[in-house]
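Each remark here refers to the structure printed beneath this line.
Convention: sequence-line order gives letters A, B, ...; per-chain numbering from 1.
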Number of protein chains: 2
Amino acid sequence: MKRNTWQREAVREALGSNEGFVSAQSLHSTLRDTGSPIGLATVYRALADLAVEGEADSLQSLEGESLYRACTQGQHHHHLICRNCGLTVEIEADAVELWAQSVASEHGFTQANHVVDVFGLCAECTVQTRLAR
Amino acid sequence: MKRNTWQREAVREALGSNEGFVSAQSLHSTLRDTGSPIGLATVYRALADLAVEGEADSLQSLEGESLYRACTQGQHHHHLICRNCGLTVEIEADAVELWAQSVASEHGFTQANHVVDVFGLCAECTVQTRLAR
DNA sequence: TGTATTATTGATAACGAATCTCATTACTGT
DNA sequence: ACAGTAATGAGATTCGTTATCAATAATACA
Ligand SMILES: [Mn+2]
Ligand SMILES: [Mn+2]
Ligand SMILES: [Zn+2]
Ligand SMILES: [Zn+2]
(Lines give C-alpha, C1' and ligand atoms only; values in the text may rest on other atoms or scores of the structure.)
(Ligands and ions follow the chains in the order given, each with its own letter.)
Protein backbone atom coordinates (compact mmCIF):
# COMPACT_ATOMS: atom_id res chain seq x y z
CA MET A 1 0.00 0.00 0.00
CA LYS A 2 0.97 3.64 -0.46
CA ARG A 3 2.57 5.27 2.61
CA ASN A 4 2.62 8.85 3.75
CA THR A 5 6.03 10.35 4.40
CA TRP A 6 7.15 13.86 5.25
CA GLN A 7 9.30 13.70 2.12
CA ARG A 8 6.39 13.43 -0.27
CA GLU A 9 4.56 16.14 1.62
CA ALA A 10 7.62 18.39 1.49
CA VAL A 11 7.84 17.98 -2.28
CA ARG A 12 4.14 18.64 -2.70
CA GLU A 13 4.39 21.80 -0.65
CA ALA A 14 7.57 23.08 -2.27
CA LEU A 15 5.96 22.56 -5.65
CA GLY A 16 2.81 24.36 -4.56
CA SER A 17 4.69 27.39 -3.28
CA ASN A 18 6.26 27.88 -6.68
CA GLU A 19 4.76 30.02 -9.39
CA GLY A 20 6.04 28.26 -12.48
CA PHE A 21 7.63 25.08 -13.79
CA VAL A 22 10.74 23.83 -12.02
CA SER A 23 13.16 20.96 -12.49
CA ALA A 24 13.64 18.17 -9.97
CA GLN A 25 17.19 19.35 -9.33
CA SER A 26 16.18 22.93 -8.66
CA LEU A 27 13.36 21.82 -6.36
CA HIS A 28 15.83 19.64 -4.49
CA SER A 29 18.17 22.61 -4.05
CA THR A 30 15.32 24.73 -2.76
CA LEU A 31 14.35 22.08 -0.23
CA ARG A 32 17.92 21.62 0.92
CA ASP A 33 18.33 25.39 1.29
CA THR A 34 15.37 25.45 3.66
CA GLY A 35 17.06 22.84 5.82
CA SER A 36 15.34 19.74 4.55
CA PRO A 37 17.63 16.70 4.32
CA ILE A 38 15.55 15.09 1.59
CA GLY A 39 17.41 13.03 -1.00
CA LEU A 40 17.55 13.79 -4.69
CA ALA A 41 16.22 10.40 -5.76
CA THR A 42 13.25 10.89 -3.50
CA VAL A 43 12.43 14.21 -5.13
CA TYR A 44 12.53 12.55 -8.54
CA ARG A 45 10.27 9.76 -7.34
CA ALA A 46 7.81 12.09 -5.62
CA LEU A 47 7.51 14.30 -8.69
CA ALA A 48 6.95 11.32 -10.97
CA ASP A 49 4.25 10.05 -8.62
CA LEU A 50 2.54 13.42 -8.37
CA ALA A 51 2.49 13.63 -12.15
CA VAL A 52 0.92 10.18 -12.47
CA GLU A 53 -1.68 11.01 -9.85
CA GLY A 54 -2.57 14.23 -11.64
CA GLU A 55 -1.37 16.46 -8.84
CA ALA A 56 1.42 17.85 -10.98
CA ASP A 57 1.78 18.91 -14.59
CA SER A 58 4.97 17.98 -16.37
CA LEU A 59 6.55 18.99 -19.61
CA GLN A 60 9.87 18.85 -21.40
CA SER A 61 11.74 22.13 -21.53
CA LEU A 62 12.98 23.18 -24.95
CA GLU A 63 16.34 21.74 -23.90
CA GLY A 64 14.78 18.39 -23.02
CA GLU A 65 14.77 18.70 -19.23
CA SER A 66 11.67 17.53 -17.34
CA LEU A 67 9.87 20.33 -15.52
CA TYR A 68 7.06 20.09 -12.99
CA ARG A 69 4.39 22.37 -11.58
CA ALA A 70 1.57 22.00 -9.07
CA CYS A 71 -1.58 21.25 -11.02
CA THR A 72 -4.56 23.30 -9.92
CA GLN A 73 -7.03 22.41 -12.64
CA GLY A 74 -8.37 18.91 -12.74
CA GLN A 75 -9.18 18.85 -16.42
CA HIS A 76 -6.86 18.53 -19.39
CA HIS A 77 -5.16 21.79 -20.29
CA HIS A 78 -2.00 23.35 -21.67
CA HIS A 79 0.48 26.02 -20.68
CA LEU A 80 1.87 29.40 -21.68
CA ILE A 81 5.34 29.57 -20.16
CA CYS A 82 7.84 32.39 -19.77
CA ARG A 83 11.20 31.27 -21.14
CA ASN A 84 12.97 33.64 -18.76
CA CYS A 85 11.31 33.36 -15.34
CA GLY A 86 9.11 30.28 -15.67
CA LEU A 87 5.87 32.15 -15.00
CA THR A 88 3.07 29.95 -16.24
CA VAL A 89 -0.50 30.51 -17.37
CA GLU A 90 -2.83 27.55 -17.66
CA ILE A 91 -4.86 27.60 -20.83
CA GLU A 92 -7.75 25.59 -22.14
CA ALA A 93 -8.54 25.35 -25.80
CA ASP A 94 -11.26 23.02 -26.93
CA ALA A 95 -10.62 24.02 -30.51
CA VAL A 96 -7.07 22.69 -30.31
CA GLU A 97 -8.25 19.48 -28.65
CA LEU A 98 -10.72 18.84 -31.43
CA TRP A 99 -8.16 19.73 -34.06
CA ALA A 100 -5.58 17.30 -32.68
CA GLN A 101 -8.12 14.53 -32.47
CA SER A 102 -9.39 15.03 -36.01
CA VAL A 103 -5.93 15.38 -37.53
CA ALA A 104 -5.03 12.01 -36.04
CA SER A 105 -8.14 10.16 -37.13
CA GLU A 106 -8.08 11.70 -40.61
CA HIS A 107 -4.76 9.96 -41.13
CA GLY A 108 -5.81 6.67 -39.58
CA PHE A 109 -3.95 7.21 -36.34
CA THR A 110 -5.38 5.85 -33.09
CA GLN A 111 -4.68 6.43 -29.39
CA ALA A 112 -3.68 9.98 -30.14
CA ASN A 113 -2.28 12.36 -27.59
CA HIS A 114 -0.59 15.68 -28.15
CA VAL A 115 2.03 18.07 -26.89
CA VAL A 116 0.97 21.71 -27.03
CA ASP A 117 3.03 24.32 -25.22
CA VAL A 118 3.39 28.02 -25.90
CA PHE A 119 6.64 29.67 -24.83
CA GLY A 120 7.42 33.37 -24.75
CA LEU A 121 8.54 36.27 -22.60
CA CYS A 122 6.03 37.41 -19.99
CA ALA A 123 5.19 41.12 -19.79
CA GLU A 124 7.60 41.71 -16.93
CA CYS A 125 10.50 39.87 -18.53
CA THR A 126 9.82 41.67 -21.80
CA VAL A 127 10.38 45.00 -20.05
CA GLN A 128 13.53 43.78 -18.29
CA THR A 129 14.95 42.48 -21.55
CA ARG A 130 14.32 45.83 -23.23
CA LEU A 131 16.08 47.69 -20.43
CA ALA A 132 19.06 45.36 -20.49
CA ARG A 133 20.15 46.54 -23.93
CA MET B 1 33.66 29.31 -44.73
CA LYS B 2 31.48 26.21 -44.88
CA ARG B 3 33.11 23.16 -46.42
CA ASN B 4 31.60 20.18 -48.21
CA THR B 5 32.48 16.79 -46.80
CA TRP B 6 31.24 13.30 -47.58
CA GLN B 7 30.18 13.06 -43.92
CA ARG B 8 27.60 15.83 -44.13
CA GLU B 9 26.35 14.41 -47.40
CA ALA B 10 26.09 10.95 -45.87
CA VAL B 11 24.00 12.28 -43.00
CA ARG B 12 21.77 14.24 -45.36
CA GLU B 13 21.21 11.16 -47.49
CA ALA B 14 20.65 8.77 -44.58
CA LEU B 15 18.13 11.20 -43.17
CA GLY B 16 16.38 11.51 -46.50
CA SER B 17 16.08 7.76 -46.99
CA ASN B 18 14.23 7.48 -43.72
CA GLU B 19 10.50 7.72 -43.42
CA GLY B 20 10.14 9.16 -39.93
CA PHE B 21 11.97 10.85 -37.09
CA VAL B 22 15.22 9.28 -35.90
CA SER B 23 17.73 9.99 -33.18
CA ALA B 24 21.34 10.93 -33.85
CA GLN B 25 22.49 7.69 -32.26
CA SER B 26 20.22 5.53 -34.36
CA LEU B 27 21.23 7.36 -37.53
CA HIS B 28 24.86 6.83 -36.59
CA SER B 29 24.23 3.10 -36.13
CA THR B 30 22.53 2.93 -39.51
CA LEU B 31 25.44 4.66 -41.19
CA ARG B 32 27.97 2.42 -39.48
CA ASP B 33 25.99 -0.66 -40.50
CA THR B 34 26.25 0.37 -44.13
CA GLY B 35 30.02 0.52 -43.79
CA SER B 36 30.44 4.24 -43.23
CA PRO B 37 33.18 5.08 -40.73
CA ILE B 38 31.55 8.39 -39.77
CA GLY B 39 31.97 9.53 -36.18
CA LEU B 40 29.13 10.04 -33.72
CA ALA B 41 30.05 13.65 -32.93
CA THR B 42 29.99 14.42 -36.63
CA VAL B 43 26.47 13.05 -36.94
CA TYR B 44 25.36 15.25 -34.06
CA ARG B 45 27.00 18.29 -35.65
CA ALA B 46 25.59 17.59 -39.09
CA LEU B 47 22.05 17.14 -37.76
CA ALA B 48 22.24 20.34 -35.74
CA ASP B 49 23.46 22.19 -38.83
CA LEU B 50 20.74 20.76 -41.05
CA ALA B 51 18.14 21.81 -38.51
CA VAL B 52 19.47 25.37 -38.39
CA GLU B 53 19.55 25.56 -42.17
CA GLY B 54 15.96 24.34 -42.38
CA GLU B 55 16.87 21.11 -44.16
CA ALA B 56 15.76 19.04 -41.19
CA ASP B 57 12.92 19.16 -38.72
CA SER B 58 13.69 18.40 -35.12
CA LEU B 59 11.61 17.69 -32.07
CA GLN B 60 11.88 16.26 -28.61
CA SER B 61 10.51 12.76 -28.17
CA LEU B 62 8.14 12.23 -25.27
CA GLU B 63 11.16 10.92 -23.37
CA GLY B 64 13.16 14.06 -24.11
CA GLU B 65 15.45 12.70 -26.82
CA SER B 66 16.12 14.89 -29.87
CA LEU B 67 14.79 13.42 -33.09
CA TYR B 68 15.40 14.54 -36.66
CA ARG B 69 13.76 14.14 -40.03
CA ALA B 70 14.45 15.38 -43.55
CA CYS B 71 12.36 18.49 -44.08
CA THR B 72 10.49 18.58 -47.33
CA GLN B 73 8.26 21.59 -46.80
CA GLY B 74 9.85 24.98 -46.59
CA GLN B 75 7.18 26.64 -44.54
CA HIS B 76 6.42 26.29 -40.84
CA HIS B 77 4.48 23.16 -39.99
CA HIS B 78 3.93 20.44 -37.42
CA HIS B 79 3.91 16.65 -37.25
CA LEU B 80 1.73 13.66 -36.61
CA ILE B 81 4.07 10.91 -35.45
CA CYS B 82 3.60 7.19 -34.86
CA ARG B 83 4.82 6.31 -31.39
CA ASN B 84 5.64 2.80 -32.55
CA CYS B 85 7.33 3.03 -35.96
CA GLY B 86 8.11 6.73 -36.28
CA LEU B 87 6.01 7.19 -39.42
CA THR B 88 5.41 10.90 -39.78
CA VAL B 89 2.82 13.07 -41.50
CA GLU B 90 3.52 16.75 -41.97
CA ILE B 91 0.56 18.93 -41.09
CA GLU B 92 -0.22 22.58 -41.48
CA ALA B 93 -2.78 24.33 -39.35
CA ASP B 94 -3.15 28.06 -39.68
CA ALA B 95 -5.85 27.98 -37.02
CA VAL B 96 -3.39 26.65 -34.47
CA GLU B 97 -0.79 29.21 -35.47
CA LEU B 98 -3.22 32.05 -34.94
CA TRP B 99 -4.44 30.54 -31.70
CA ALA B 100 -0.92 30.26 -30.26
CA GLN B 101 -0.12 33.81 -31.26
CA SER B 102 -3.28 35.26 -29.76
CA VAL B 103 -3.06 33.26 -26.52
CA ALA B 104 0.41 34.69 -26.00
CA SER B 105 -0.44 38.29 -26.73
CA GLU B 106 -3.66 38.14 -24.70
CA HIS B 107 -1.51 37.45 -21.66
CA GLY B 108 1.11 40.05 -22.48
CA PHE B 109 3.69 37.54 -23.67
CA THR B 110 6.06 38.52 -26.48
CA GLN B 111 8.42 36.60 -28.78
CA ALA B 112 6.13 33.62 -28.65
CA ASN B 113 6.89 30.28 -30.21
CA HIS B 114 5.16 26.98 -29.73
CA VAL B 115 5.57 23.24 -29.58
CA VAL B 116 2.72 21.35 -31.23
CA ASP B 117 3.11 17.64 -31.92
CA VAL B 118 0.50 14.93 -32.26
CA PHE B 119 1.52 11.39 -31.36
CA GLY B 120 -0.43 8.20 -31.96
CA LEU B 121 -0.39 4.79 -33.54
CA CYS B 122 -0.47 4.75 -37.32
CA ALA B 123 -3.03 2.53 -39.07
CA GLU B 124 -0.52 -0.24 -39.66
CA CYS B 125 0.82 -0.25 -36.11
CA THR B 126 -2.73 -0.18 -34.78
CA VAL B 127 -3.44 -3.46 -36.57
CA GLN B 128 -0.20 -5.06 -35.37
CA THR B 129 -0.91 -4.05 -31.79
CA ARG B 130 -4.39 -5.56 -31.98
CA LEU B 131 -2.99 -8.85 -33.30
CA ALA B 132 -0.32 -9.01 -30.64
CA ARG B 133 -2.85 -9.50 -27.86
C1' DT C 1 1.53 -1.09 22.68
C1' DG C 2 4.71 -4.20 20.56
C1' DT C 3 6.00 -6.47 16.51
C1' DA C 4 6.27 -8.21 11.83
C1' DT C 5 5.89 -6.77 7.23
C1' DT C 6 7.40 -4.22 3.58
C1' DA C 7 7.15 0.35 1.17
C1' DT C 8 10.23 4.12 1.18
C1' DT C 9 14.43 6.41 1.57
C1' DG C 10 19.02 8.05 0.15
C1' DA C 11 24.07 7.67 -0.73
C1' DT C 12 26.15 6.06 -4.44
C1' DA C 13 26.88 3.80 -8.71
C1' DA C 14 25.42 3.45 -13.23
C1' DC C 15 23.39 4.91 -17.44
C1' DG C 16 22.63 7.47 -21.69
C1' DA C 17 22.26 11.52 -24.50
C1' DA C 18 24.82 15.24 -25.80
C1' DT C 19 28.83 18.13 -25.83
C1' DC C 20 33.76 19.19 -25.41
C1' DT C 21 38.85 18.47 -26.30
C1' DC C 22 42.40 18.55 -29.28
C1' DA C 23 45.51 16.32 -32.36
C1' DT C 24 44.84 14.93 -37.04
C1' DT C 25 42.75 15.27 -41.49
C1' DA C 26 41.35 17.27 -45.67
C1' DC C 27 38.56 21.09 -48.03
C1' DT C 28 39.33 25.53 -50.59
C1' DG C 29 41.08 29.53 -52.62
C1' DT C 30 45.13 31.17 -54.44
C1' DA D 1 51.24 22.54 -54.86
C1' DC D 2 50.55 24.88 -50.73
C1' DA D 3 49.07 27.54 -46.81
C1' DG D 4 45.28 28.42 -44.00
C1' DT D 5 41.88 26.67 -41.40
C1' DA D 6 37.24 24.30 -41.08
C1' DA D 7 35.93 19.73 -40.11
C1' DT D 8 36.62 15.30 -38.17
C1' DG D 9 36.55 11.68 -34.56
C1' DA D 10 38.17 8.92 -30.53
C1' DG D 11 37.80 9.56 -26.16
C1' DA D 12 36.88 12.30 -22.08
C1' DT D 13 33.42 14.91 -19.85
C1' DT D 14 29.08 16.83 -18.46
C1' DC D 15 24.57 16.42 -16.88
C1' DG D 16 19.89 14.69 -16.13
C1' DT D 17 17.90 10.69 -14.65
C1' DT D 18 17.41 5.93 -13.04
C1' DA D 19 19.07 1.63 -10.63
C1' DT D 20 21.09 -0.56 -6.46
C1' DC D 21 20.54 -2.04 -2.01
C1' DA D 22 21.20 -1.70 2.87
C1' DA D 23 18.99 1.02 6.34
C1' DT D 24 14.85 3.17 7.88
C1' DA D 25 10.18 3.92 9.14
C1' DA D 26 5.04 3.67 8.00
C1' DT D 27 1.29 0.55 8.51
C1' DA D 28 -1.48 -3.53 9.84
C1' DC D 29 -2.48 -6.41 13.23
C1' DA D 30 -1.79 -9.52 17.35
MN1 LIG E 1 -4.79 19.42 -25.33
MN1 LIG F 1 2.86 26.08 -35.51
ZN1 LIG G 1 8.97 36.02 -17.21
ZN1 LIG H 1 3.45 3.10 -36.93
Side-chain angles (χ1 to χ4, degrees), chain A residues 1-15 18 20-53 55-69 81 83 86 115 117, chain B residues 1-15 18 20-53 55-69 81 83 86 115 117:
Chain A
M1 81 295 319
K2 181 86 151 302
R3 295 179 182 178
N4 294 321
T5 64
W6 64 263
Q7 287 93 336
R8 284 206 202 290
E9 193 49 46
V11 168
R12 206 195 315 260
E13 191 195 313
L15 200 63
N18 207 304
F21 278 88
V22 286
S23 67
Q25 310 247 14
S26 118
L27 200 67
H28 179 243
S29 292
T30 302
L31 284 163
R32 281 300 180 86
D33 290 348
T34 65
S36 171
I38 192 171
L40 177 59
T42 302
V43 174
Y44 271 101
R45 285 187 284 239
L47 288 173
D49 284 355
L50 289 172
V52 167
E53 295 157 15
E55 291 194 63
D57 293 318
S58 68
L59 60 80
Q60 302 284 127
S61 74
L62 294 176
E63 295 78 35
E65 193 180 11
S66 284
L67 303 181
Y68 297 87
R69 180 170 188 269
I81 305 125
R83 269 194 299 271
V115 177
D117 301 305
Chain B
M1 80 296 318
K2 183 87 152 302
R3 294 179 181 177
N4 296 321
T5 63
W6 64 263
Q7 286 93 336
R8 286 206 200 287
E9 192 49 46
V11 168
R12 206 193 317 256
E13 191 194 314
L15 201 63
N18 206 305
F21 279 87
V22 286
S23 68
Q25 309 251 11
S26 117
L27 200 68
H28 179 243
S29 292
T30 302
L31 284 163
R32 280 300 179 88
D33 291 348
T34 64
S36 172
I38 191 171
L40 177 59
T42 301
V43 173
Y44 271 101
R45 287 187 282 240
L47 288 174
D49 284 354
L50 290 172
V52 167
E53 294 158 16
E55 290 194 63
D57 292 319
S58 69
L59 60 81
Q60 303 281 124
S61 74
L62 294 177
E63 296 78 35
E65 193 181 13
S66 284
L67 303 180
Y68 297 87
R69 179 171 189 269
I81 306 126
R83 269 192 300 271
V115 176
D117 301 305

| field | Leading and trailing nucleotides of DNA chain D with any atom under 4.0 Å from heavy atoms of chain A | value | D:dG16 to D:dT27

Between the protein and nucleotides 11-15 of chain C, which nitrogen or oxygen pairs come in under 3.5 angstrom?
none

Could you give the [atom1]-to-[atom2] distance, from [X] to [N], as a whole number of Å?
X	N	atom1	atom2	result
A:Y44	C:dT8	OH	C1'	19 Å
A:W6	C:dT9	CH2	P	9 Å
B:K2	C:dA26	NZ	P	20 Å
B:M1	C:dA26	CE	C1'	13 Å

| said: Does C:dG10 have OP1 or OP2 under 4.0 Å away from a side-chain N or O of A:T42? | reply: yes

| said: For C:dT8 and A:R8 - does any side-chain N or O of the residue sit under 4.0 Å from the phosphate oxygens OP1/OP2? | reply: yes

| message | Categorize A:S66 for me: base, sugar-phosphate, or nothing, with a 4.0 angstrom heavy-atom threshold over every strand shown. | response | sugar-phosphate

| field | side chain to side chain contact (heavy atoms under 4.5 Å, CB included), paired with B:V11, selected from B:T5, B:I38, B:D49 | value | B:I38

| message | Check this for me, if you would: do A:E53 and A:R12 make a salt bridge, where the nitrogen-to-carboxylate-oxygen distance has to be below 4.0 angstrom? | response | no

| request: Please report the closest heavy-atom contact between A:F21 and A:L59, naming both atoms and the distance. | output: CZ-CD2, 3.4 Å

